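Written out below as structure tokens is the structure these notes cover.
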2 protein chains.
Amino acid sequence: MGNMGDMTEPRWLTDEEQRVWRAYLHATTLLEDHLDRQLQRDAGMPHVYYGLLVQLSQAPRRRLRMTELARSAKITRSRLSHAIARLEKNGWVRREDCPSDKRGQFAQLTDEGVEVLRRNAPGHVAAVRQAMFDRLSPEQVEQLGAIMRVLAEGLEPADAGADLPWLR
Amino acid sequence: MGNMGDMTEPRWLTDEEQRVWRAYLHATTLLEDHLDRQLQRDAGMPHVYYGLLVQLSQAPRRRLRMTELARSAKITRSRLSHAIARLEKNGWVRREDCPSDKRGQFAQLTDEGVEVLRRNAPGHVAAVRQAMFDRLSPEQVEQLGAIMRVLAEGLEPADAGADLPWLR
DNA sequence: CCTACATAGTTCAACTTTCAAGAATGAGTC
DNA sequence: GACTCATTCTTGAAAGTTGAACTATGTAGG
């Protein structure tokens, strides 16, 4: 059932495409693992959690609504709830009620959280630089940026509209 | 302690580098989530597990030693043990003792496993194609391949030698 | 006000991943 | 053989993630 009514042979990947796809998977998993370990070791949290602190640090009053933070970090609200609970236990984030909407919560970066970022940002930037920017030519950096923007665009509004492009 | 003796101001990312880095994180997480959901929905397993079946399907006799499979899939042996246990419960993989090394185990793809792949490969390829290759120009595909190969190289021998490049 | 429905965030259970042991076998040396 | 150390794979507990169900509040229409 499902898509079995499609008689056409699927368009397999060419050899070149397969090579690129594997290189992509290979490199992205290695890099994510590398950063995860670096941050787990130095800062005591996974990469995603670190990203949450960064987002908060750049927000006005160093705080964001949960939904907003989830959206900008590309994670589910459920995952964010767990993550913030953990970061709160660490003392790096505090929750605050939203006055204008009693359902709402702000996640706010504490001074301790700022300090954790201050202490770990150099090491993290160094890791990113060493893994990526020190190895690519300026042209490649530009190409990578363009490519990643295209890919993100294709997945952004995500599932909605993906099958119905005329509704965009 | 650690790297606090370093008095030099860390080399922060330029604006352009930051944009590229964010685009990279953004696109890679969206894509991985997308494929995970596609495969979870259609094949009942996460992307990594699907990758294990693919690796096995391409190996001689459709089987690989655990360590070999872990290495080629870039995951720890521990993680692989758990994963294979789960796939075995599904009936898609079977374990076999290695005659020449009594510590060793083969993971072998079952006929059922082959069938699962056969059924899901078209959908998966379509997802990959739609997310990546249908959106990039041939030049971009080539550029992406080159870039990813460079990044992988830098992380490949991984932690060993990373801090001691003169030992390579 | 009341109903119906939408939105914000949390919680629970099932599942996956990680990390630190641990059990068994292999390999080298005396 | 006995000792030591390395390698292979597994296990168990803790941490993280997911998807669905749930609570509470907001919003629109009668």
Side-chain angles (χ1 to χ4, degrees), chain A residues 29-30 32-41 43-52 63-90 93-108 158-160, chain B residues 29-30 32-53 63-90 93-108 158-160:
Chain A
T29 62
L30 284 178
E32 182 59 17
D33 285 4
H34 182 66
L35 294 181
D36 253 337
R37 267 193 273 280
Q38 186 260 316
L39 283 168
Q40 191 71 59
R41 172 169 51 81
M45 67 188 133
H47 188 199
V48 178
Y49 288 26
Y50 182 87
L52 295 176
R63 58 178 213 177
L64 284 172
R65 288 286 295 272
M66 295 294 280
T67 296
E68 187 56 29
L69 181 51
R71 209 185 47 69
S72 79
K74 276 91 197 169
I75 64 178
T76 61
R77 286 195 300 268
S78 169
R79 187 176 175 183
L80 181 61
S81 272
H82 292 296
I84 293 295
R86 198 272 219 184
L87 293 171
E88 200 171 20
K89 214 181 297 180
N90 281 304
V93 166
R94 133 179 78 242
R95 282 182 224 245
E96 276 181 5
D97 291 341
C98 174
S100 63
D101 185 340
K102 286 177 189 162
R103 298 166 303 178
Q105 290 275 110
F106 285 103
Q108 178 168 41
D159 312 41
Chain B
T29 62
L30 284 178
E32 183 59 18
D33 286 4
H34 181 66
L35 294 182
D36 254 337
R37 267 194 274 279
Q38 186 259 316
L39 283 168
Q40 191 71 59
R41 171 169 51 81
D42 296 348
M45 66 187 133
H47 188 198
V48 178
Y49 288 24
Y50 183 86
L52 295 176
L53 298 190
R63 58 178 214 177
L64 284 172
R65 285 287 295 271
M66 295 293 280
T67 297
E68 186 57 28
L69 181 51
R71 207 184 50 68
S72 79
K74 275 91 198 168
I75 63 177
T76 62
R77 283 194 300 263
S78 169
R79 186 176 176 184
L80 181 61
S81 272
H82 291 297
I84 291 296
R86 196 272 220 186
L87 293 171
E88 199 172 19
K89 214 182 296 183
N90 281 301
V93 166
R94 133 180 77 242
R95 283 183 223 245
E96 276 182 7
D97 292 340
C98 174
S100 63
D101 185 340
K102 287 178 188 162
R103 298 167 302 179
Q105 289 275 111
F106 285 103
Q108 178 169 40
D159 312 38

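Order of the sequence lines fixes the chain letters, A, B, ..., with proteins taken first and strands second; residue numbering starts at 1 for each chain. This one's a predicted model, so the numbers in the text were calculated from it and none came from an experiment. Note that these values count all heavy atoms, side chains included, but never hydrogens, waters or copies made by symmetry.
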Any heavy-atom pair between the side chains of [Y] and [X] that's under 4.5 Å?
{"X": "B:H47", "Y": "B:E32", "result": "yes"}
{"X": "A:T29", "Y": "B:I75", "result": "no"}
{"X": "A:Q105", "Y": "A:I84", "result": "no"}

Rounded to the Å, how far apart are [X] [atom1] and [N] [atom2]?
{"X": "B:D101", "N": "D:dA6", "atom1": "CG", "atom2": "C1'", "value": "12 Å"}
{"X": "A:L52", "N": "D:dT17", "atom1": "CG", "atom2": "C1'", "value": "13 Å"}
{"X": "A:L87", "N": "D:dA15", "atom1": "CG", "atom2": "P", "value": "14 Å"}
{"X": "A:E96", "N": "C:dG9", "atom1": "CD", "atom2": "C1'", "value": "16 Å"}
{"X": "B:R71", "N": "D:dC9", "atom1": "CZ", "atom2": "P", "value": "12 Å"}
{"X": "A:L39", "N": "D:dG16", "atom1": "CG", "atom2": "C1'", "value": "16 Å"}

For A:R71, enumerate each residue passing the side-chain hydrogen bond (donor to acceptor under 3.5 Å, both in side chains) test, keeping only those at least two apart in sequence or located in another chain.
-> A:E68
A correct 5'-to-3' footprint of nucleotides 10-19 of chain C, with B, S and - meaning base, sugar-phosphate only and no protein heavy atom under 4.0 Å, is BBB---SBBB
Those residues at least two apart in sequence (or on a different chain) that pass side chain to side chain contact (heavy atoms under 4.5 Å, CB included) with B:R86 are B:Q40, B:M45, B:P46, B:Y49, B:N90, B:W92
Criterion side chain to side chain contact (heavy atoms under 4.5 Å, CB included) on B:R65 and B:F106, from CA distance to verdict | CA-CA 4 Å; B:R65 285 287 295 271; B:F106 285 103; 3.7 Å; yes
Is there a donor and acceptor pair closer than 3.5 Å between the side chain of B:R103 and the base of D:dT8?
-> no
